[in-house]
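Heads up: the structure comes next, in structure tokens.
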Amino acid sequence: MSNAKVRVRFAPSPTGPLHMGGVRTALYNYLFAKQQGGDFILRIEDTDQTRFVAGAEDYIIESLKWCGIQPDEGQGFGGDLGPYRQSERKHLYRKYADDLIENGYAYYAFDTAEDLDRVRQMAKDAGSPNWQYNHVTRNSMKNSLNLSQSEVQKRLDAGEPYVIRIKLNRNEEVKFEDIVRGWVSVNTNNMDDKVLFKSDGMPTYHLANIVDDHLMKITHVIRGEEWLPSAPLHVLLYRYLGWEDKMPQFAHLPLLLKPDGNGKLSKRDGDRLGFPVFPLEWNNPETGDVFSGYRENGYFPEAFVNMLAFLGWNPGTEQEIFSLEQLTEAFSLQKVNKAGARYDHDKTRWFNQQYLRSKTDQELGTLFKDLLSDKGLNVSQEKAEAIAALMKERAYFIMDLYKESSFFFERPSTYDEKTTRKKWNEDAKNHVVQLKGIFSQIDEFKATKIDEAFKSYLNDNELGFGKVGPGFRLAVTGKGMGPSMFEICAILGKDETIARIDLALEKLP
RNA sequence: GGCCCCUUCGUCUAUCGGCUAGGACGCCAGGUUUUCAUCCUGGAAAGAGGAGUUCGAUUCUCCUAGGGGCUGCCA
């Protein structure tokens, strides 16, 4: 398999929105494929029809697109080895299950769900919580290993429901080399005869996965650590199907953990701790639940992707800001960590701040202008750019540009209480009146000119900035803090600045 | 409970036997700033515990502890 073109797949199941852990798995697949000059494939694993959720598939596709992780082929993206939805490949799987039976690697089992429940319950009552359908227990179950040939045929002919289970040898060591974990070894005595083919005519994950990966010429299986325990089963399936020489390499990724407490990150953690766990907002039409998304919360996809890449991987250098292209270049599965990574929301915000700052004033101005127009405020590109430039150092998100600058768009209706109390007195009033007169004399109402005029007023009267500045800011913006008043006045314009001083003199005590 | 995987500052991590254990987020302090934010400087903060291998272990091995995953006709 050494010279085969790298082909990897991301194979989510459409049982709900894709959460950020899934996005990271997709990302690592993508990065690895692109770096190796290979293909990244999207396959939808919808073999469990009972868990199907409408809209989930579209959500997955839209999420990948938003992140810039474009599949080369797969559901929604075309390709020659489709269909890429397992439900549409249903007819393909049966013959492989039959092959396995024929070769003695699998068998029919007629035990009903109730039968199995009963056996498990009995085992539990007897103090063994982990009953398994395996080389010892299968001898007392209803399957083609125990039943006579004719009895089996009779049940089959009668259309009695059955499943097909893999038949594991006893006491066999199954080993494989995982790219991130090294050699992993499990004894078949600790595994069970997993169902490969369900009574509804659908394969289970285990069978479908192996068959599809083989048919789609997958070279590397990069997936979450939750699959590690079943990887030996998959190795055995490749062997029993005669495909071991073309078996893909495995890489089991560490899980994303909750920021607090124990366990893996779950969808409820977002609401509980105040951050999104999904790339895009998800509205469950049936339950009415709404889960927030990074996109809707104002995150740049580049920041989100950059953050995810660093949750479990590190280039080994001190660089932290990477574009998708740079990630593609630097990525390596060998450098993926083994231990689970706790999600850190502060760091995510920091990444977004870095990306916001890296944008030009023009880009920010455009983004800001769009946001304002959504709020029904129409401003010129020039003004949007000027405000964005002034506010960007104190923003994490585009919406911060607005939150911190709303005074540009409406005159103060209230004045900061503390500043009013401490700084607004007869002196302050006088200064503001004086400034008004001085400003009205400025022909070119630019920040530098205002600055000059203001400073010379201070000099002429032997005043410190602290005596005049706060009252001035309060009068014009209603706030006790913010960016340079000269810049603010310049953006507001002479008339507006003076009008606001008048307003303050009228409204403030 | 059984099986498998994992274990460096609070968090993400660097280190592939030589370490005064580095960086980032967050935190704290000082400076810059009329103010806030930014920015700059500095600081506190880690190798789970115990054996062994070795001239030397954070790095290798084993044990213990802790954490995680799996244990479905779910993926």
Side-chain angles (χ1 to χ4, degrees), chain A residues 11-15 45-48 50-51 86 109 111-113 116-117 120 124 127-133 161-165 178 180-182 184-187 189-192 194-206 208-209 223-232 252 254-255 257 259-260 262-264 307 310-321 334-335 337-351 353 357 391-396 400 404 419 423 454 458 464-474 479-485:
Chain A
S13 142
T15 55
E45 309 228 328
D46 56 349
T47 53
D48 184 357
T50 65
R51 293 211 306 160
Q86 287 182 329
D111 317 278
T112 64
L116 294 170
D117 284 347
R120 288 198 176 97
K124 203 181 230 175
S128 125
N130 188 28
W131 183 87
Q132 296 199 308
Y133 207 115
Y162 63 88
V163 300
I164 297 174
R165 286 181 182 272
D178 188 279
V180 337
R181 280 151 215 286
V184 175
S185 173
V186 182
N187 190 293
N189 285 353
N190 295 316
M191 296 163 61
D192 60 343
K194 282 268 184 291
V195 171
L196 300 177
F197 206 85
K198 301 185 269 193
S199 58
D200 66 357
M202 276 289 206
T204 58
Y205 171 86
H206 304 293
N209 189 263
R223 74 228 301 193
E225 191 186 356
E226 68 268 28
W227 293 108
L228 196 53
S230 50
H252 288 93
L255 264 18
L257 273 19
D260 68 330
N262 303 326
K264 62 176 177 179
M307 174 279 291
F310 271 70
L311 236 37
W313 170 84
N314 185 289
T317 64
E318 290 187 351
Q319 183 183 346
E320 291 199 274
I321 301 301
Q334 278 73 23
K335 288 188 94 62
N337 291 301
K338 296 177 174 72
R342 242 176 243 282
Y343 173 73
D344 180 352
H345 194 54
D346 280 334
K347 189 87 184 210
T348 307
R349 287 168 49 80
W350 176 81
F351 271 112
Q353 182 191 39
R357 285 182 187 177
M391 309 305 293
K392 71 187 280 191
E393 289 302 316
R394 58 192 70 220
Y396 282 75
D400 292 342
E404 302 285 325
T419 311
K423 304 287 185 181
F454 189 92
L458 292 184
F465 213 128
K467 290 278 181 208
V468 190
F472 175 41
R473 176 184 299 283
L474 184 73
K479 309 244 180 228
M481 58 186 91
S484 158
M485 276 312 293

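Since we're looking at a predicted model, the values are computed, not measured. Order of the sequence lines sets the chain letters (A, B, ...), proteins ahead of strands, with each chain counted from 1. Atom set for the values below is all heavy atoms of this structure, side chains included, hydrogens, waters and symmetry mates excluded.
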Whole angstroms only, please: what is the CD-P distance between A:Glu320 and B:G26?
11 Å

If the condition is side-chain hydrogen bond (donor to acceptor under 3.5 Å, both in side chains), which residues does A:Thr348 pass it with, not counting sequence neighbours?
A:Tyr343

So, using ring-ring contact (aromatic ring centres under 6.0 Å, His included) as the criterion, who are the partners of A:Phe454 when residues are at least two apart?
A:Phe465, A:Phe472, A:Phe486

Could you work out, with side-chain hydrogen bond (donor to acceptor under 3.5 Å, both in side chains) as the rule, every residue matching A:Asp400, not counting sequence neighbours?
none

Taking any heavy-atom pair under 4.0 Å as a contact, classify A:Gly464: base, sugar-phosphate, or nothing.
nothing

With a 4.0 Å cut-off on heavy atoms, is A:Met485 in touch with a base, just the backbone sugar-phosphate, or nothing at all?
base

With sequence neighbours left out, write down each residue that passes ring-ring contact (aromatic ring centres under 6.0 Å, His included) with A:Tyr162, or none if nothing qualifies.
A:Tyr108

Can you list the residues that meet the side-chain hydrogen bond (donor to acceptor under 3.5 Å, both in side chains) rule with A:Thr112, with sequence neighbours excluded?
A:Glu114, A:Asp115

Do A:Thr204 and A:Lys194 have side chains that get closer than 4.5 Å, going by heavy atoms?
no

Between protein and nucleic acid, restricted to nucleotides 39-47 of chain B and to nitrogen or oxygen atoms under 3.5 Å apart, what atom pairs and distances do you find?
unit_1, atom_1, unit_2, atom_2, d
B:C39, OP1, A:Arg357, NH1, 2.7

Test of understanding: with ring-ring contact (aromatic ring centres under 6.0 Å, His included), list the residues that count as partners of A:Trp350, not counting sequence neighbours.
none

Qualifying residues under side-chain hydrogen bond (donor to acceptor under 3.5 Å, both in side chains), relative to A:Asp344, sequence neighbours excluded
none

Charged N to carboxylate O below 4.0 Å: is that the case for A:Glu320 and A:Lys347?
yes

Under 3.5 Å, which N/O atoms of the protein pair with N/O atoms of nucleotides 71-75 of chain B?
unit_1, atom_1, unit_2, atom_2, d
B:U71, O2', A:Asn130, OD1, 2.6
B:C73, OP2, A:Arg165, NH2, 3.3
B:C73, O2, A:Ser199, N, 2.8
B:C73, O2, A:Ser199, OG, 2.7
B:C73, N3, A:Ser199, OG, 3.1
B:C73, N4, A:Asp111, O, 3.0
B:C74, OP2, A:Lys198, NZ, 3.0
B:C74, O2', A:Asp48, OD2, 3.0
B:C74, O2', A:Arg51, NE, 3.3
B:C74, O2', A:Arg51, NH2, 3.4
B:C74, O2, A:Arg51, NH1, 3.4
B:C74, O2, A:Arg51, NH2, 3.1
B:A75, OP1, A:Thr47, OG1, 2.8
B:A75, OP1, A:Lys198, NZ, 2.9
B:A75, OP2, A:Tyr205, N, 3.2
B:A75, O3', A:Glu45, OE1, 3.3

Pairs under 3.5 angstrom, nitrogen or oxygen only, protein versus nucleotides 4-10 of chain B, please.
unit_1, atom_1, unit_2, atom_2, d
B:C5, O2', A:Arg181, NH1, 2.4
B:C5, O2', A:Glu225, OE2, 3.3

List the residues meeting ring-ring contact (aromatic ring centres under 6.0 Å, His included) with A:Phe351, not counting sequence neighbours, and say none if there are none.
none

Find the distance A:Asn314:CG to B:U13:P and express it as a whole number of Å.
8 Å

Apply salt bridge (charged side-chain N to carboxylate O under 4.0 Å, His left out) to A:Glu45 and list each qualifying residue two or more places apart in sequence or on a separate chain.
A:Arg43

Walking RNA chain B from its 5' end, the first of A:Thr317 and A:Asp346 to be reached, judged by nearest nucleotide, is A:Thr317

Determine if A:Phe465 stacks with B:U34; use a centre-to-centre distance below 5.5 Å and an interplanar angle below 30° as the criteria.
yes

